[in-house]
Amino acid sequence: MNAPIIDPLQGDFPEVIEEFLEHGVMKCIAFNRRGTLLAAGCSDGSCVIWDFETRGIAKELKDNDCVSAITSVCWSKYGHQILVSAADRSLTLWDVLKGEKINRITLQQTPLQARLHPGSSSPSLCLACPLSSAPMIVDLKTGSTTLLPVCISDTDTASSRGKVLDGTQPFTPTAACFNKYGDLVYVGNSKGEILVIDYERVRIEAMVPISGGAVVKNIVFSRNGQYLLTNSNDRTIRIYENLLPNKDGLKFIDEITKEINELDGAEKLKAVGTKCLTLFREFQDSITRMHWKAPCFSGDGEWVVGGSASKGEHKIYIWDRAGYLVKILEGPKEALIDLSWHPVHPIVVSVSLTGLIYIWAKDYTENWSAFAPDFKELEENEEYVEREDEFDLNPETEKVKGLDVNEDEEVDIVNVEKDSAFSDSDASQDELCFLPAIPCPDIVEQHDKCVEISSKMIDDDNSGSPLSEEVAVNGRTTNHASSPLEVLDNPDDAGGTRAKRRRKPSEKGLELQAEKMPKEVSKKVGKAS
């Protein structure tokens, strides 16, 4: 929705269920960068891509080697590729336009989430968060993996390049994400800490402790990279403000580290962490104390949304960035398993436990009244105090003032103003926003069947019907094929094909024809005599 025409008093957030999408049992969803395509991973191992403008299926990516449920889907920056992780421990990179597999590798642990590198148009690196292993950087071309440290003591011992450590890990599944341009990885561990990691050097650069020390279940950046969201096991969603620049954040950290020389070890990492992140807001339901599912930001970062993790209810909570709860969306009695906010429009898409996708949109009130441009419609009666010069012939307040416009200034009609939501777009890159429609070919068998039926109907025109007898007697030929009595109906055809059939005359018509025939015969006999 265009921002200038939205009423700021109404709130730019969804209110009602507009529609639902159904195709198998869908488990997870992800919008492309423009919000024109929606990818959904299904329980049978397929990935369905919906055209969000028409709400129809644009393409289905099906891997015959994968029959397990999809755990996550992720688009590349310009939408040409999509990464799919599955419960059979596989990571598959697809070419969206061709519908072909680019690479497929198998990990030693089931990846709960996988994210492509956001800084490349055709990425080969991804960040995977396995079920019972540390987050890892995976090279999709070579299949090599690099385990990332999940606590300060693991910096030198728990990471290895090119292989995955065997044995049981002493920590629960860990959440991780790239920053906006992908030069740093932010990891939320089971000790209630946010680690800022340089994945190329496999080194922890900073650490930010979370109050309470609860396990971090989700961690995600806002679209503009200015805010970081964490969802902890203490039933609290926290928003942190990112103090690092979006670009070259690693260089900024190196400069801070050089300035802090008096500290060492964990204290030094905490000191650097205070220069990287600062707590901005906390969100929780102080009454029900519920757990949250799939929290995220809106496309512009002004709203925070989170789904209820309670079984048997489909509730979505929306807060503004100031910390106020502005809306609770209540859906069907089905548990919520995934959630996503449209990158541009005030639309929220949620996935239920039954595999349906619900589309939540704003309830706009249509008003087709046509008034003058300066006319203001009132909701109720208001007391009006007229101005002193309102009914004067030349009121002073209505004198036209000169516009402060420089008429000599040149108007730029060549350059296109960049949209702030896509300010990092590269004009040289061709972005995939829509998928071309593939026409379905006609079925040859049905066509041949229709031709056969039509040929039979032509043969039936020469049969001994009452109309053909009349033609034989009168010695005239009539083309009944173009008669308006023909109808398109054939109930005897089990295949459902519709063929032309001539309508039979009624009994009254046959009687009239029988009466006319003796009279015509008697006339012919009289002439012959």
Side-chain angles (χ1 to χ4, degrees), residues 1 12-23 25-42 47-53 55 57-58 69-77 79 82-85 96 112-116 118 129 175 177-178 180 217-224 227-231 237 292-309 314-319 327 329 331 334-362 421-422 433:
M1 188 62 60
D12 192 15
F13 50 82
E15 298 172 339
V16 295
I17 294 179
E18 181 183 67
E19 194 176 352
F20 71 93
L21 306 178
E22 183 177 9
H23 181 83
V25 180
M26 292 173 281
K27 295 292 187 180
C28 52
I29 52 175
F31 278 106
N32 68 337
R33 192 162 166 268
R34 299 277 177 173
T36 56
L37 299 174
L38 176 67
C42 302
C47 179
V48 181
I49 300 178
W50 298 84
D51 187 325
F52 203 70
E53 301 295 330
R55 309 290 166 85
I57 296 178
I70 302 299
T71 58
S72 70
V73 289
C74 178
W75 292 85
S76 63
K77 183 176 182 180
I82 189 169
L83 179 65
V84 177
S85 64
V96 177
L112 299 180
Q113 188 182 53
R115 293 290 178 261
L116 286 171
C129 299
C177 69
F178 284 109
K180 182 175 175 62
K217 299 188 295 183
N218 304 97
I219 185 168
V220 61
F221 263 99
S222 62
R223 187 180 180 86
N224 56 14
Y227 295 94
L228 178 70
L229 179 148
T230 63
N231 176 28
I237 298 175
W292 303 107
K293 193 81 172 179
C296 60
F297 289 97
S298 62
D300 55 3
E302 294 295 326
W303 309 96
V304 178
V305 60
S308 170
H314 200 99
K315 287 186 178 181
I316 301 174
Y317 290 69
I318 301 176
W319 298 271
K327 191 72 175 179
L329 306 177
E334 303 170 1
L336 185 147
I337 60 176
D338 201 6
L339 189 66
S340 182
W341 194 299
H342 193 278
V344 181
H345 302 305
I347 297 175
V348 169
V349 178
S350 60
V351 183
S352 69
L353 187 62
T354 58
L356 297 178
I357 292 180
Y358 294 97
I359 301 175
W360 302 78
K362 190 171 178 58
F422 310 105
C433 296

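The analysis underlying the following values was restricted to heavy atoms, covering all of them including side chains, and did not include hydrogens, waters or symmetry mates.
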Closest approach of Asp51 and Leu37, non-hydrogen atoms and distance?
CA-CD2, 4.1 Å

Is the closest side-chain heavy-atom distance between Ile318 and Leu329 below 4.5 Å?
yes

Do you know which two heavy atoms are closest between Cys47 and Ile82, and how far apart they sit?
SG-CD1, 4.1 Å

If you measure from CG on Leu356 to CE on Met26, what distance do you get to the nearest 0.5 Å?
6.5 Å

Minimum heavy-atom distance between Ile337 and Lys293, given as atom pair plus value
O-CE, 3.6 Å

Which atoms form the tightest heavy-atom contact between Cys177 and Leu228, and what is the distance?
SG-CD1, 4.3 Å

Short question: side chain of Asp338, backbone of Ile29 - any donor-acceptor pair under 3.5 Å?
yes

Any heavy-atom pair between the side chains of Thr230 and Ile237 that's under 4.5 Å?
no

Name all residues meeting the ring pair (Phe, Tyr, Trp, His ring centres under 6.0 Å) criterion together with Phe31; count only those two or more places apart in sequence or in a different chain, and write none if there are none.
Phe52, His342

Less than 4.5 Å apart, any side-chain heavy atom of Arg34 and any of Cys433?
yes

In this structure, which one of Val305, Leu229, Asn224 forms a side-chain contact (heavy atoms from CB on, under 4.5 Å) with Phe297?
Leu229

I would like to know whether Trp360 and Ile316 meet side chain to side chain contact (heavy atoms under 4.5 Å, CB included); could you show each step before the answer?
CA-CA 10 Å; Trp360 302 78; Ile316 301 174; 3.6 Å; yes

Residue pair Gln113, Ser72: steps toward the side chain to side chain donor-acceptor pair (under 3.5 Å) verdict:
CA-CA 5 Å; Gln113 188 182 53; Ser72 70; over 6 Å; no

Between Ala114 and Ser85, the two heavy atoms sitting closest are CB-CB, 4.1 Å

What distance do Lys180 atom NZ and Arg223 atom CZ have between them, rounded to the nearest 0.5 Å?
7.0 Å

Are the side chains of Cys42 and Ile70 in touch, meaning some heavy atoms are under 4.5 Å apart?
no

Between the CZ atom in Phe178 and the SG atom in Cys74, the distance rounded to the nearest 0.5 Å is 9.5 Å

Going through the checks in order, is the side chain to side chain contact (heavy atoms under 4.5 Å, CB included) test met by Phe13 and Ser298?
CA-CA 9 Å; Phe13 50 82; Ser298 62; over 6 Å; no

If you measure from CD1 on Ile219 to SG on Cys129, what distance do you get to the nearest 0.5 Å?
9.5 Å

Checking the side chain of Trp303 only, and the main-chain atoms of Asp12 only, is there a donor and an acceptor separated by less than 3.5 Å?
yes

Worked check of ring pair (Phe, Tyr, Trp, His ring centres under 6.0 Å) between Trp292 and Tyr317
CA-CA 9 Å; Trp292 303 107; Tyr317 290 69; 5.0 Å; yes

His314-Ser350 side chain donor-acceptor pair, cut-off 3.5 Å
yes

Assess the residue pair Ile49 and Leu38 against the criterion (side chain to side chain contact (heavy atoms under 4.5 Å, CB included)); give the C-alpha distance rounded to whole Å, side-chain angles, the decisive distance to 0.1 Å, and a yes or no.
CA-CA 6 Å; Ile49 300 178; Leu38 176 67; over 6 Å; no

Which value, rounded to the nearest 0.5 Å, describes the distance between His23 atom NE2 and Trp50 atom CH2?
7.0 Å

So OG of Ser340 and CD1 of Ile357: to nearest 0.5 Å the spacing works out to 10.0 Å

Restricting to non-hydrogen atoms, name the atom on Lys327 and the atom on Pro14 that form the minimum distance, rounded to 0.1 Å.
CG-O, 4.2 Å

Under the side chain to side chain contact (heavy atoms under 4.5 Å, CB included) rule, what do Arg55 and Ile359 come out as? Steps first, then yes or no, please.
CA-CA 10 Å; Arg55 309 290 166 85; Ile359 301 175; 3.4 Å; yes

So do Arg115 and Trp75 actually touch side chain to side chain, heavy atoms under 4.5 Å?
no

